[in-house]
Amino acid sequence: MNFRFPVIVIDEDFRSENISGSGIRDLAEAISSHGFEVVGYTSYVDLSAFAQQASRASCFILSIDDEEFGTGTPEEVEKALMELRTFVKEVRKRNADIPIFLYGETRTTRHVPNDVLRELHGFIHMFEDTPEFVAKHIIREAKKYLDALAPPFFNALMDYASDGSYSWHCPGHSGGVAFLKSPVGQMFHQFFGENMLRADVCNAVDELGQLLDHTGPVAQSEQNAARIFSCDHLFFVTNGTSTSNKMVWHSVVAPGDIVVVDRNCHKSILHSIIMTGAVPVFLMPTRNHYGIIGPIPKSEFSPEAIAKKIAANPFARNAKNKKPRILTITQSTYDGILYNVEEIKQELGSTIDTLHFDEAWLPHASFHDFYKNMHAIGKDRPRSEETVVFATQSTHKLLAGLSQASQILVQNAEKRSLDTHRFNESYLMHSSTSPQYAIIASCDVAAAMMEPPGGTALVEESLLEAIEFRRAMRKVDAEYGDDDWWFKVWGPDELPEEGLGTRDNWTLHATDSWHGFGAIESGFNILDPIKATIITPGLNLHGQFDEHGMPAAIVSKYLAEHGIIIEKTGLYSFFIMFTIGITKGRWNSMVTELQQFKDDYDQNQPIWRVMPEFAAKHPRYEKVGLRDLCQQIHNIYRKYDVAKVTTEMYLSTIETAMTPADAWAKMAHREIERVSIDDIEGRVTAMLVTPYPPGIPLMVPGERFNKTIINYLQFTRAFNSAFPGFETDVHGLVRELVDGEVKYFIDVVKE
Ligand SMILES: *Cc1c(COP(=O)(O)O)cnc(C)c1O
């Protein structure tokens, strides 16, 4: 493989016709003659931008000779040294290993202070050695650095793919060759490129090791990642955290076991409940009227509170073993609320067999002190006495993994360690026997990227950008003043003046009014600043509607048409995330697009003008003004009091008629019927019912429909028929055309 990692030279004289200029150019030429690219700059203009180049360079050569020192006054020397020091520090903040050389005259380099010297790979004394000799030395160091970059599996995969051996094993495209035999295949090949296809190999290739047995380079990479994430074991998973969750569950839960689960869990946890035949007992999170999910109050975690729930549950209270097998918490709720894990561990003691944190949205937390104790497993964290802790993380959601890249982290207990052989039986049950090697490589690389100091710098950067974004939004708000409107970003009232602030800035306190979760325990939770919920006008935190409003569904459709795709849209809020891929350009465009939206709204611009694609698809809105459309949707929300309805339905008391597995069995055996939503009160759902937004399951198979939930489903029907194009999608609901009319049904258990 030929990589492009140039040697970067920074020298004022790089292009000058003087001795020093010709010296450095001779050196550059000698380096180039060995096939290494050299890029020259004449100043450290933008220091931090330069330092970021550390990721694409193989080596830095920094010139420090008489010219850099100007005429040599103490101030000039001081200034030059300052620049040098800042630069070296910025580079080292992100990259501990890249070679940095100083290039200069002996009498100037002796001015360089120790803290800079310590970070260098050497001095090059101008004119003492031949350029050829110095070039060889530099290239050797640059090569050494590049050779050590790739973590074990990625390294082995690159070797294999570039080896050029013929293979007789699957996949059938034989390293991409099959594609070349057809025009559309050619197109595919050209699009994805040779390497992706050469690296798409099957598990018959011994030298790469086996994901399913955790051997060879794969195992080395998993161990490397375990070290980086500070856990006892780490397993890569190539089918997403949906699968990681099922692996963890199937390794410890059997039919009839009591399990304690966050009611706002991901559907893969509910699938796990169905598959294992477990008896779930739910912990109820708070919610505010924006529809934002808050924390489960700390009191819900006490063994007494859990025992009470078990006693109240007709299926759990008759279970032979009353000790819950597992507790699963969504660590980072969809809106960015985190729990103090050490407090949870202390509270529960050894009353639960296994603790599981679904950290699909939190793989970054290990790498910054800001998150200390607010994630499951990390450096120097105490072990539980008997409870093994699992964390499952979607590497692809916030780190640099390909889609479906996920990992399982394990922390052993003092008195109990994971038996990896037994655990692997469950791992195998949910793995494809043909894992995708590019995904494994991305798990490997995503972990290596996070190795401090680089990973810490990346997380810090996304934290800082996220907070800068909040400040920018407030500045716009302040400029519009009280008589005008602007969007708000949900979060603490006080922002730190600059930088990150302290943890307390982001902690939820009982006395805070901004969160709307009531008198929750102070200090038990924080808001992850990188998750930003943007609130659109129209609804306040008490669930009361304003006169005017702009439902988020419209804002988010508007943004989509202007090239900004929103992760999640609520009623009057939408959600964006500052992943490690964030750039200033990206969040600044968000601010400007929102400005654009405001202008178009204020001028009530017709939809055909501001959202032409949407208008083409739904001509009924063509001539409607943006403000009028907002108002129409706002009015129907207000009429149905939707904010209250959606909050209440998630908090309503739902009766359980049978275990989820039994309800599933009814479906498998076709002992179900499709009933209109008008006639389902008291009936038992066979389906998982999940409204989008927010995408959180509302009903679990085996539960009875109550009036509150039916009200919501009826609202959905009325709304969807009034506003095609803005439909609320409810998974589990069946829409059928009966006599020209759209009717809504649900599959319920036969009575
Ligand atoms: C996305 C998500 C998952 C599933 O992760 P995938 O990698 O998409 O399979 C699990 N849990 C939570 C909380 C999630 O948000």
Side-chain angles (χ1 to χ4, degrees), residues 222-253 259-262 264-266 268-269 272 283 296 301 325-334 336-346 348 352-368 370-384 387-399 401 404-413 416-418 420 423 426-427 430 443 446-447 450 455 459 525-526 528:
E222 289 182 323
Q223 282 152 20
N224 187 45
R227 177 184 60 79
I228 293 169
F229 282 83
S230 307
C231 53
D232 295 317
H233 302 283
L234 187 149
F235 307 100
F236 293 151
V237 176
T238 58
N239 323 59
T241 299
S242 306
T243 295
S244 299
N245 286 345
K246 289 168 195 156
M247 289 168 169
V248 169
W249 269 63
H250 246 144
S251 73
V252 291
V253 182
V259 295
V260 183
V261 172
D262 188 339
N264 290 303
C265 61
H266 187 255
S268 57
I269 299 296
S272 300
L283 301 183
I296 298 165
F301 288 92
R325 296 293 298 175
I326 196 168
L327 180 145
T328 295
I329 297 297
T330 312
Q331 172 69 325
S332 190
T333 63
Y334 299 83
I337 300 289
L338 312 181
Y339 296 88
N340 187 317
V341 169
E342 293 311 324
E343 285 186 31
I344 292 179
K345 272 155 78 180
Q346 265 174 19
L348 292 169
I352 301 238
D353 189 69
T354 298
L355 263 182
H356 170 213
F357 293 88
D358 181 347
E359 296 191 331
W361 296 103
L362 204 63
H364 56 293
S366 283
F367 303 100
H368 203 291
F370 178 83
Y371 296 103
K372 192 170 160 47
N373 292 347
M374 305 310 276
H375 59 102
I377 299 171
K379 200 157 183 270
D380 302 328
R381 297 277 291 276
R383 296 175 192 283
S384 294
T387 305
V388 172
V389 180
F390 286 92
T392 45
Q393 303 181 335
S394 292
T395 328
H396 67 97
K397 281 184 177 166
L398 278 129
L399 305 184
Q404 299 195 27
S406 171
Q407 56 192 17
I408 300 172
L409 288 67
V410 186
Q411 185 198 42
N412 287 325
R416 202 179 112 215
S417 296
L418 183 78
T420 52
F423 177 77
S426 178
Y427 183 96
H430 296 280
C443 287
M450 297 316 288
V459 175
N525 303 95
I526 64 168
D528 187 349

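These numbers come from the heavy atoms of this one structure, side chains and all, not from hydrogens, waters or symmetry mates.
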Heavy-atom side-chain contact between [X] and [Y] under 4.5 Å:
X: Lys246; Y: Ser272; answer: yes
X: Thr395; Y: Pro363; answer: no
X: Phe357; Y: His375; answer: no
X: Gln411; Y: Val388; answer: no
X: Val259; Y: Thr328; answer: no
X: Thr238; Y: Gln404; answer: no
X: Leu409; Y: Gln393; answer: yes
X: Val389; Y: Arg383; answer: no

Testing the basics here: between [X] and [Y], what is the closest heavy-atom pair and its distance to 0.1 Å?
X: Ser332; Y: Leu362; answer: CB-CD1, 4.2 Å
X: Leu418; Y: Asn412; answer: N-OD1, 2.7 Å
X: Cys443; Y: Val237; answer: SG-O, 4.3 Å
X: Ala360; Y: Thr241; answer: CB-CG2, 4.3 Å
X: Arg381; Y: Ala376; answer: NH2-O, 3.3 Å
X: Ile377; Y: Phe390; answer: CD1-C, 4.4 Å

Just by distance, do the side chain of [X] and the backbone of [Y] share a donor-acceptor pair under 3.5 Å?
X: Asn340; Y: Asn525; answer: no
X: Glu222; Y: Phe236; answer: yes
X: Arg325; Y: Val253; answer: no

*Taking the six-membered ring for Trp, are Phe370 and His368 parallel (under 30°), tilted (30 to 60°) or perpendicular (over 60°)?*
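It falls in the perpendicular class, over 60°.
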To the nearest 0.5 Å, what is the distance between [atom1] on [X] and [atom2] on [Y]?
X: Ile352; Y: Phe301; atom1: CD1; atom2: CZ; result: 9.5 Å
X: Lys379; Y: Arg227; atom1: NZ; atom2: CZ; result: 11.5 Å
X: Ile329; Y: Leu283; atom1: CD1; atom2: CG; result: 5.5 Å
X: Ile296; Y: Tyr339; atom1: CD1; atom2: OH; result: 3.5 Å
X: Asn245; Y: Ile269; atom1: CG; atom2: CD1; result: 4.0 Å
X: Asn373; Y: Glu343; atom1: CG; atom2: CD; result: 8.5 Å

Do [X] and [Y] meet the criterion of a side-chain donor-acceptor pair at a distance under 3.5 Å?
X: Ser251; Y: Ser426; result: no
X: Ser242; Y: Ser268; result: no
X: Tyr371; Y: Asp528; result: yes
X: Thr330; Y: Asp262; result: yes

*Decide side-chain contact (heavy atoms from CB on, under 4.5 Å) for Lys345 and Leu355; before the verdict, give the C-alpha distance in whole Å, the side-chain angles of both, and the deciding distance to 0.1 Å.*
CA-CA 8 Å; Lys345 272 155 78 180; Leu355 263 182; 3.7 Å; yes
_Pair Lys372 + Asp380, salt bridge at N-O below 4.0 Å_ =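 Result for this pair is no, no salt bridge flagged.
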*Applying side-chain hydrogen bond (donor to acceptor under 3.5 Å, both in side chains) between Thr392 and each of Glu359, His356, His266, Gln407, report the one that passes.*
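That would be His356; it is the only one of Glu359, His356, His266, Gln407 passing the side-chain hydrogen bond (donor to acceptor under 3.5 Å, both in side chains) with Thr392.
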*Derivation of the side-chain contact (heavy atoms from CB on, under 4.5 Å) call for His233 and Ile408*: CA-CA 8 Å; His233 302 283; Ile408 300 172; over 6 Å; no
